[in-house]
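Heads up, the thing below is written out as structure tokens.
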Amino acid sequence: MTNADVAALFEHLADLLEYEGENQFRIRAYRSAARTIAAETESLAAIRHSTTRSLADLEGIGRDLAGKIETILESGRLPALDELSARVPAVVFDLFRIPGLGPKKVRQLVQSLGIDSLDGLEAACRAGLVRGMRGFGEKTEASILKNLAFVRSTVQERLLWEEADAILARLLVWMESCPGLDRIEGAGSWRRGCETVGDIDVLAISLSPATVMDHFHHWQETSEVIAAGDTKSSIRGPGGVQIDLRVIPPASFGAAWQYFTGSKEHNIRVRSRARERGLSLNEYGIHSLVVTPDVFPTLPAATEEDVYSAVGLPWIPPELREGRGEIHLAAEGLLPALITVADIRGDLHMHTTDTDGEDTLAEMVRGAIERGLEYIAITDHSQRVTMAHGLDETRLRRQWERIDLLNEALAADGASPIVVLKGIEVDMLEKGGLDLPDRVLEDAEWVVASLHYGQGQPRAQITSRILEAVEHPAVSVIGHPTGRLINRRPAYDVDMEAVVEAAARTGTFLEINATPRRLDLNDLHAAAAQRAGVAIVISTDAHSIRGLGAMGCGVLQARRAGLQAADVVNTLPLAALRSLLRSRH
DNA sequence: GCCGTTTTCGGCCCGACTGTTTTCAGTCG
């Protein structure tokens, strides 16, 4: 039973309670606990048996929920959930997915009309039965029909951050030509650098909101205007993604940007902090609830710094605003100086046409020089990865000879702009062991060990394969340590706590693979690794020159993990990196 | 259900938009 499993049980319970019309604060308590649990990197079982922490120490978890967690850990079941599940019809979960239907309306549809499927709901709408109920009308009925089609036609899948980033960039180019627009910025989960983005949130400063929203509606990629009010508008853009725009006057910009960046949990904590100080915070500004000689009724809120300063905090980078303890860190003056792309000196995982890359060795080197990198490692696949035409010893040594020649030519150019390291991405074989003999790996300057096959093996087997690679003296780094592909394939079942412990002990690095669909390690694992003293490598795993651009995504992930430049190996100058490699094992 | 320098009760972030209503409930973020 993982933390994510326990969190899912509480979320599920909260959904059912919502349907039952339970006290909203009780429901919020379950959801809040689920978020805390999902964001906790230590396993609940470990915390339960720890001598230094207890379950009730976790934010939002008191005596009752701690008891429920213990029950779940012991029995795998949550009795309260079992009881409710027996009472609440299964269709409720489908109905919740329809935009515009919340617990009250869903309850009415199920109890008054006996709806038991999406098809049944459609039939009831077409028969005009829905419009007759209190609180429903013709427009609601039509909206349900439209949204039913939407729910059925689209795979409800969150965008990769990079996809959202591209859509936002196009929208901002369009909005630049809007008259009367002073400033426009992205907010929400995009700005926090989340690995996936549901809706795209955009914030504009203008004194003529109607003009701005009209321009927004006329973007060529707008397929539908979902809602349009005086200051807020929502459209569907490319692929059905919802884009929300809010238009705000300049004096409110800081309060609004802070508010629309979120996360919700972060905002609730900031606002609670405001209340403790006799202040009220909304998207328009900061207001004093009590008039005292030293507090003005309305405080400045043109910048985010104004907002944080009003609640006694320094500005908090968006990537950290998840309600995972960043407010405490900020209050103590302990916020990390997060790593930036400018700190990165090298890229230590990439492929060429010798295996499954699209660009040649020489082209990849040129691409890296253009990006200003000081060093790179060429890490093509090893022989077992047959689909990629992986390298055996002979072909690998031939590639290394070419790299030697290339380095000589680069050095002969005078001020050598880049050094190319002779590397390999060696496969961790299904039966255990690595895909190339030790004598080859020992000759490599950089070895990425990755698992590509047998991903469905049981936890003990996967973990032991990875631990074997971590312990191998020639292995520099574990590539994409959990193997997940966002929206495509779950992580393999691996005991990450054991991997992190072994990596810390042996000095083996762990990778943040920056490929937008991988981002592996994720933020939570990367934070746990950093806390354990493991050095991180951020690598693009580029299969083309273009792929080298993924470094920014990897750095965002590292920032969400709270990493500083000193935590990341490829911020080091090459000489320091080499010396660190020699000092291990 | 959680929480506490206003502590064991009574609060819990705050506002926009829609549709149905005729002053507001429900939904959403």
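Note that the coordinates shown come from a computational prediction; the quantities given were computed from them, not determined experimentally. Chain naming here is simple, since letters A, B, ... match the order of the sequence lines and numbering starts at 1 in each.
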**Message:** Among B:dG26, B:dG29, B:dC14, which nucleotide has an atom closest to any side-chain atom of A:K104?
**Reply:** B:dG26
**Prompt:** So which heavy atom on A:T222 is nearest to which on A:V225, and how close?
**Reply:** CG2-CG2, 4.4 Å
**Request:** Check every strand shown and say whether A:Q24 touches a base, only sugar-phosphate, or nothing at a heavy-atom separation below 4.0 Å.
**Result:** nothing
**Request:** In whole angstrom, give me the gap between the C1' atoms of B:dG10 and B:dT6.
**Result:** 11 Å
**Message:** Over all strands shown, is A:L281 touching base, sugar-phosphate only, or nothing at heavy-atom distances under 4.0 angstrom?
**Reply:** sugar-phosphate
**Asked** Checking all strands, does A:Y284 fall into the base, sugar-phosphate, or nothing category for heavy-atom contacts under 4.0 angstrom?
**Response** sugar-phosphate
**Asked** A:M133 has an atom CE; how far is it from atom C1' of B:dA25, in whole Å?
**Response** 15 Å
**Message:** Is there a side-chain contact between A:R28 and the phosphate of B:dC13, meaning an N or O under 4.0 Å from OP1 or OP2?
**Reply:** yes
**Prompt:** Base, sugar-phosphate, or nothing for A:A228, non-hydrogen atoms under 4.0 angstrom?
**Reply:** sugar-phosphate
**Asked** Taking the side chain of A:N282 as its heavy atoms from C-beta onward, which of B:dG15, B:dC13, B:dG1 lies nearest to it?
**Response** B:dG15
**Fill in**
Looking only at B:dT20, B:dT18, B:dA16, the nucleotide nearest the A:K139 side chain is B:dT20
**Atom-to-atom span, CD of A:E276 to C1' of B:dT6 - whole angstrom** = 12 Å
**Asked** Taking CZ from A:F10 and P from B:dC2, how many angstroms apart are they, rounded to a whole number?
**Response** 9 Å
**Asked** Using the P atom in both, what is the distance from B:dC28 to B:dT23, to the nearest Å?
**Response** 26 Å
**Spacing between A:N147 atom CG and B:dC28 atom C1', to the nearest angstrom** = 13 Å
**Message:** Once you apply a heavy-atom cut-off of 4.0 Å, does A:N267 come out as touching a base, just sugar-phosphate, or nothing?
**Reply:** nothing
**Asked** Between A:D244 and A:K232, is the closest basic N to carboxylate O distance under 4.0 Å?
**Response** no
**Request:** Please state the P separation for the pair B:dA16 and B:dT21 - nearest whole angstrom.
**Result:** 24 Å
**Sugar-phosphate, base or nothing in reach of A:R275, heavy atoms under 4.0 Å** = sugar-phosphate
**Message:** Taking 4.0 Å as the cut-off, does a side-chain nitrogen or oxygen of A:T140 come that near to OP1 or OP2 on B:dT27?
**Reply:** no
**Request:** Quick one: sort the A:W190 and A:W161 rings into parallel, tilted or perpendicular, breaks at 30° and 60°.
**Result:** parallel
**Prompt:** Mapping A:D230 and A:E141 to their closest nucleotides on DNA chain B, which lands nearer the 5' end?
**Reply:** A:D230
**Asked** Side-chain N or O of A:R271 less than 4.0 angstrom from OP1 or OP2 on B:dC13?
**Response** no
**Message:** How many whole angstroms separate atom CG of A:D244 from atom P of B:dT18?
**Reply:** 12 Å
**Request:** Tell me whether the OP1 or OP2 atom of B:dG26 has a side-chain N or O from A:K105 closer than 4.0 Å.
**Result:** no
**Asked** Tell me: CD1 of A:I286 to P of B:dC13, nearest whole Å?
**Response** 18 Å
**Request:** Looking at every strand, decide which applies to A:S234 at a 4.0 Å heavy-atom threshold: base, sugar-phosphate, or nothing.
**Result:** nothing
**Request:** Decide, yes or no, whether a salt bridge links A:D523 with A:R324 under the criterion of side-chain N to carboxylate O below 4.0 Å.
**Result:** yes
**Message:** Nearest whole Å is fine: how far is B:dC17 C1' from A:H217 NE2?
**Reply:** 12 Å
**Prompt:** OP1 or OP2 of B:dT18 less than 4.0 angstrom from a side-chain nitrogen or oxygen of A:K232, does that happen here?
**Reply:** no
**Request:** Give one of base, sugar-phosphate or nothing for A:S280, where a contact means two heavy atoms less than 4.0 Å apart.
**Result:** sugar-phosphate
**Request:** Determine the interatomic distance between C1' on B:dC17 and the same-named atom on B:dT8; round to the nearest Å.
**Result:** 40 Å
**Request:** Using a strict 4.0 Å threshold on nitrogen-to-oxygen distance, state whether A:R158 and A:E163 make a salt bridge.
**Result:** no
**Message:** Please give the distance between the P atoms of B:dG11 and B:dT18 as a whole number of Å.
**Reply:** 33 Å
**Distance between P atoms of B:dT20 and B:dC14 (Å, rounded)** = 30 Å
**Request:** Look up atom CZ in A:R246 and atom CZ in A:F260, then write down how far apart they are to the nearest 0.5 Å.
**Result:** 3.5 Å
**Asked** Quick one: do A:R269 and A:E326 make a salt bridge, cutoff under 4.0 Å?
**Response** no
**Asked** On a whole-Å scale, what distance lies between the P atoms belonging to B:dC13 and B:dG4?
**Response** 14 Å
**Item:** Of A:Q242 and A:S272, the one whose closest DNA chain B nucleotide lies more 5'
**Value:** A:S272
**Request:** Round to the nearest Å and state the distance from A:R107 atom CZ to B:dT27 atom P.
**Result:** 12 Å
**Message:** Applying the Watson-Crick and G-U wobble criteria at under 3.5 Å, what pairs with B:dT8? Answer none if nothing qualifies.
**Reply:** none
**Request:** Kindly point out which of B:dG1, B:dC17, B:dG29 is positioned nearest to the side chain of A:A227?
**Result:** B:dC17
**Prompt:** Ring centroid separation for A:H218 and A:W174, is it under 6.0 angstrom?
**Reply:** no
